[in-house]
Participant: 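Below is one structure. I have some questions about it.
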Protein chains: 2
Amino acid sequence: MPKLVANDIAIALKKRISLGEWLENGRMPPERDLASEFGVARNTVRRAVSMLEDDGTVVRHVGRGTFLTAGNPDSMAATVARMEGTSPADMMEIRQLLEPAAASFAATNASAGELNAVREAHKIACASQDMPTFEHWDAEFHHRIFACSRNDFLKEIHNLMRILRNQRPWFEMKKRSFSEERRATYCSEHQLVLDALLARDSEGASAAMLTHLRTVERNLLGR
Amino acid sequence: MPKLVANDIAIALKKRISLGEWLENGRMPPERDLASEFGVARNTVRRAVSMLEDDGTVVRHVGRGTFLTAGNPDSMAATVARMEGTSPADMMEIRQLLEPAAASFAATNASAGELNAVREAHKIACASQDMPTFEHWDAEFHHRIFACSRNDFLKEIHNLMRILRNQRPWFEMKKRSFSEERRATYCSEHQLVLDALLARDSEGASAAMLTHLRTVERNLLGR
DNA sequence: TATAAATGGTTCACTATTGGATCAGGTAAC
DNA sequence: GTTACCTGATCCAATAGTGAACCATTTATA
């Protein structure tokens with residue numbers, strides 16, 4: 001059993017909250033109790049609970065206790081929590097809306113340096129020998145396209161999607177669906193996107209990206 | 001057994017990361033532990049981890065540890081925080097991508113009851129006399145369309161946007177831009193969207209929504 | 001009402017953990 | 001022999017956890 005640190009305790013608490021613990025009265029146990037339960041100092045628990053407080057999961061009152069804010073479906077925290085539970089199929093559908101648009105924006109707005117960074121990521125991905133490296137630079141290729149879309153909100157949505165894609169169900173799917181042949185397909189499809197970007201052809205970039213995402217969806221979801 | 005060198009260890013680590021190890025809290029074991037686990041000197045592990053760092057696979061903090069950049073639970077909160085700082089113009093651009101799509105999905109997927117709820121929100125918005133009431137039911141109209149899009153991820157993105165729009169800069173803008181004439185325009189544009197939804201005309205719904213959002217953007221951002 | 005208990009807020013000195021940096025060797029491949 | 005790499009060791013700097021004390025506010029109890 002690894003040693004518990006504040007961050008781990010924050011994660012453990014979140015998990016227990018999301019499992020419906022302490023829902024009857026919305027009140028968490030006193031910090032001193034949690035400390036002895038987890039076998040750590042109260043200061044450590046305090047830091048963990050502060051993390052929950054920072055992301056709006058709980059509120060604290062001196063003399064009264066610490067209370068869950070869940071139940072307010074309109075909070076940022078609750079929205080993000082629900083997002084983690086949505087299906088890969090739903091996200092793929094939205095990716096097919098957003099990424100072609102991002103590619104289109106990028107073709108119009110990117111600087112030469114930014115496009116170079118995209119090309120760089122593509123090159124490394126294609127040259128990479130092992131699957132983990134390919135995964136990483138594949139993601140980086142997509143990320144860099146968003147980065148030159150010049151729309152910060154779009155960039156952050158993509159960030160959210162990227163984080164979610166690195167969590168449970170996606171992980172299994174990516175592992176299952178990987179093969180050398182598919183890697184080659186992705187490379188050539190990325191090449192088409194890149195060519196369109198370099199030619200400043202926004203419609204072409206959008207179309208190439210859509211084609212690519214349909215391939216990815218087919219591979220991941222097996223349709 | 002061949003002797004392990006830094007490069008081998010880097011690959012081994014990447015593989016373990018890509019297999020989802022250390023995903024719970026996004027934290028790798030200390031270099032000293034890895035060194036003894038792989039049976040090599042700490043310097044060697046350090047070089048291997050440096051390769052991962054160069055890749056961008058991990059980030060290191062003195063005194064804290066080495067963390068995966070993907071699947072890092074904090075990054076979710078940070079992303080949302082950054083989102084709060086993005087510009088209304090950027091968000092409006094994305095709304096023009098997502099809301100027509102949501103309307104299109106809704107035209108196809110909504111149940112009769114759900115469409116009734118949309119109609120209800122529209123009716124109250126049109127009948128409302130004061131600006132806050134109108135604002136509320138206007139937002140509800142859009143929200144209910146997303147609700148019948150049958151895509152949970154899309155719904156949650158819209159939730160995020162809605163929460164952000166209830167915060168500072170937006171609130172001022174909405175107040176400034178409100179006028180009786182604009183309210184009437186919005187009502188008639190909503191009517192067109194609603195008509196298309198009821199006719200199950202997904203292209204029409206999408207187009208009507210896009211027209212509406214362009215009006216909104218013009219009014220809010222003064223373009 | 002007065003008092004005590006419970007609970008979060010704050011601070012401090014101390015220790016432990018962890019990555020950063022460097023150096024003098026050893027070893028194997030060329 | 002030269003080169004490249006690993007080993008083992010030491011010290012540094014930044015961060016985190018410990019244990020304890022005390023405060024401020026709220027709630028329960030006598």
Side-chain angles (χ1 to χ4, degrees), chain A residues 1-14 16-17 21-70 77, chain B residues 1-14 16-17 21-75 77-78:
Chain A
M1 167 110 160
K3 185 174 176 188
L4 289 179
V5 299
N7 195 30
D8 300 318
I9 293 175
I11 293 173
L13 289 176
K14 263 196 205 173
R16 286 167 64 169
I17 290 172
E21 202 151 356
W22 312 310
L23 246 172
E24 335 63 63
N25 52 6
R27 185 187 187 188
M28 277 178 53
E31 296 173 350
R32 288 165 177 87
D33 292 2
L34 289 173
S36 76
E37 179 185 338
F38 284 109
V40 298
R42 184 175 156 226
N43 271 338
T44 307
V45 166
R46 276 189 61 70
R47 220 167 308 168
V49 176
S50 294
M51 295 179 198
L52 302 195
E53 194 180 22
D54 287 343
D55 61 33
T57 308
V58 302
V59 289
R60 308 203 265 195
H61 300 288
V62 178
R64 297 182 54 207
T66 301
F67 300 86
L68 312 189
T69 55
Chain B
M1 166 129 150
K3 187 171 177 183
L4 289 179
V5 298
N7 195 37
D8 302 325
I9 293 176
I11 291 179
L13 289 177
K14 270 196 211 171
R16 285 168 64 169
I17 290 171
E21 201 151 358
W22 312 311
L23 205 67
E24 336 61 59
N25 54 7
R27 185 187 190 194
M28 276 178 54
E31 295 173 351
R32 287 163 177 87
D33 291 3
L34 290 173
S36 76
E37 180 185 337
F38 284 108
V40 298
R42 185 178 155 222
N43 272 338
T44 308
V45 167
R46 274 189 62 69
R47 230 163 309 162
V49 176
S50 295
M51 295 178 197
L52 302 197
E53 195 179 21
D54 292 341
D55 270 347
T57 307
V58 302
V59 289
R60 306 204 265 193
H61 299 288
V62 179
R64 295 182 55 204
T66 302
F67 299 85
L68 313 190
T69 51
N72 182 346
D74 316 336
S75 48

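Within every chain, numbering begins at 1; the chains are lettered A, B, ... in the order of the sequence lines, protein sequences first and strands thereafter. Values in this document were obtained by computation on a predicted structure and should not be read as measured data.
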Participant: How close or far is atom P of dG19(C) from atom CZ of R47(B), stated in whole angstroms?
Facilitator: 16 Å
Participant: Where the side chain of T44(B) is concerned, which of dA16(D), dA14(D), dT7(D) is the nearest nucleotide?
Facilitator: dT7(D)
Participant: Restricting to side-chain contact (heavy atoms from CB on, under 4.5 Å), what partner residues turn up for D54(A), sequence neighbours left out?
Facilitator: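 Not a single residue meets the side-chain contact (heavy atoms from CB on, under 4.5 Å) criterion with D54(A).
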Participant: Does any N or O in the side chain of N25(A) come within less than 3.5 Å of the main-chain N or O of R27(A), such that one atom is a donor and the other an acceptor?
Facilitator: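 Side chain of N25(A) to backbone of R27(A), a donor-acceptor pair under 3.5 Å: yes, one is there.
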Participant: Listing time: all N or O pairs from protein to nucleotides 27-30 of chain D that are below 3.5 Å?
Facilitator:
residue	atom	partner	partner atom	Å
dT27(D)	OP1	R64(A)	NE	3.2

Participant: Phosphate oxygens OP1/OP2 of dT18(C): is one of them under 4.0 Å from a side-chain N or O of T66(B)?
Facilitator: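 Looking at the OP1 and OP2 atoms of dT18(C), neither is under 4.0 Å from any side-chain N or O of T66(B).
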Participant: So which protein N/O to nucleotides 11-14 of chain C N/O distances come out below 3.5 Å?
Facilitator:
residue	atom	partner	partner atom	Å
dT11(C)	O4	N43(A)	OD1	3.2
dT11(C)	O4	N43(A)	ND2	3.4

Participant: Find the bend of the helix from dT1(C)-dA30(D) to dC30(C)-dG1(D) as the angle between its two terminal axes (five pairs each), to the nearest 10°.
Facilitator: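 The end axes of the helix from dT1(C)-dA30(D) to dC30(C)-dG1(D) are about 30° apart, to the nearest 10°.
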Participant: Run the side-chain contact (heavy atoms from CB on, under 4.5 Å) test against E21(A) and tell me which residues pass, sequence neighbours left out.
Facilitator: R16(A)
Participant: Heavy atom of residues 28-36 of chain A under 4.0 Å from DNA chain D: which residues?
Facilitator: none
Participant: Which comes earlier along DNA chain D counting from the 5' end, the contact point of A41(A) or that of V62(B), where each point is its nearest nucleotide?
Facilitator: V62(B)
Participant: Among dC5(D), dG9(C), dT18(D), which nucleotide sits nearest the side chain of R46(A)?
Facilitator: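 Ranking dC5(D), dG9(C), dT18(D) by closest atom to the R46(A) side chain puts dG9(C) first.
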Participant: In the structure I gave you, are the side-chain heavy atoms of N7(B) and M51(B) within less than 4.5 Å of one another anywhere?
Facilitator: yes
Participant: With sequence neighbours excluded, tell me which residues meet side-chain hydrogen bond (donor to acceptor under 3.5 Å, both in side chains) with T66(A).
Facilitator: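 By the side-chain hydrogen bond (donor to acceptor under 3.5 Å, both in side chains) rule, T66(A) matches no residue at all.
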Participant: Would you kindly check whether a donor in the side chain of R42(A) faces an acceptor in the base of dG9(C), or vice versa, at under 3.5 angstrom?
Facilitator: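 Looking at the base of dG9(C), it does pair with a donor or acceptor on the side chain of R42(A) (distance under 3.5 Å).
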Participant: Output the rounded distance in Å from CG (N7(B)) to P (dA4(D)).
Facilitator: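 Those two atoms, CG and P, are 16 Å apart.
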Participant: Once you round it to whole Å, what is the distance between P of dC6(D) and CD1 of I9(B)?
Facilitator: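 Spelled out: CD1 on I9(B) to P on dC6(D) is 8 Å.
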Participant: Reckon V49(B) touches a base, only the sugar-phosphate, or nothing at all at heavy-atom distances under 4.0 Å?
Facilitator: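 No contact.
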Participant: Output all residues satisfying side-chain contact (heavy atoms from CB on, under 4.5 Å) with P29(B), sequence neighbours left out; order by chain, then residue number.
Facilitator: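 With sequence neighbours excluded, P29(B) shows a side-chain contact (heavy atoms from CB on, under 4.5 Å) to W22(B), D33(B), L34(B), given in chain and number order.
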Participant: Specify the residues of residues 50-61 of chain B, ordered by number, for which at least one heavy atom lies under 4.0 angstrom from an atom of DNA chain D.
Facilitator: none
Participant: Closest heavy-atom contact between A48(B) and A10(B)?
Facilitator: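 Minimum heavy-atom separation between A48(B) and A10(B): CB-N, 3.7 Å.
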Participant: Taking only residues two or more places apart in sequence or in another chain, which ones pass side-chain contact (heavy atoms from CB on, under 4.5 Å) with R47(A)?
Facilitator: A6(A)
Participant: Side chain of V5(A) only, please: which of dA13(D), dA16(D), dG8(C) is the nearest?
Facilitator: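 Side chain of V5(A) sits closest to dA16(D).
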Participant: Would you compute the distance between atom OG1 of T44(A) and atom CD of E31(A) and round it to the nearest 0.5 angstrom?
Facilitator: 11.0 Å
Participant: Would you give the length of the straight line joining atom CD of E37(B) to atom CZ of R32(B), rounded to the nearest 0.5 angstrom?
Facilitator: 16.0 Å
Participant: Can you give me the closest heavy-atom contact between L13(B) and M28(B), atom names plus distance?
Facilitator: CD1-CE, 4.2 Å
Participant: Give me the one residue out of L52(B), T69(B), L23(B) that meets side chain to side chain contact (heavy atoms under 4.5 Å, CB included) with I17(B).
Facilitator: L52(B)
Participant: List in chain and number order the residues that pass side-chain hydrogen bond (donor to acceptor under 3.5 Å, both in side chains) with S36(A), two or more places apart in sequence or in another chain; answer none if no residue qualifies.
Facilitator: none
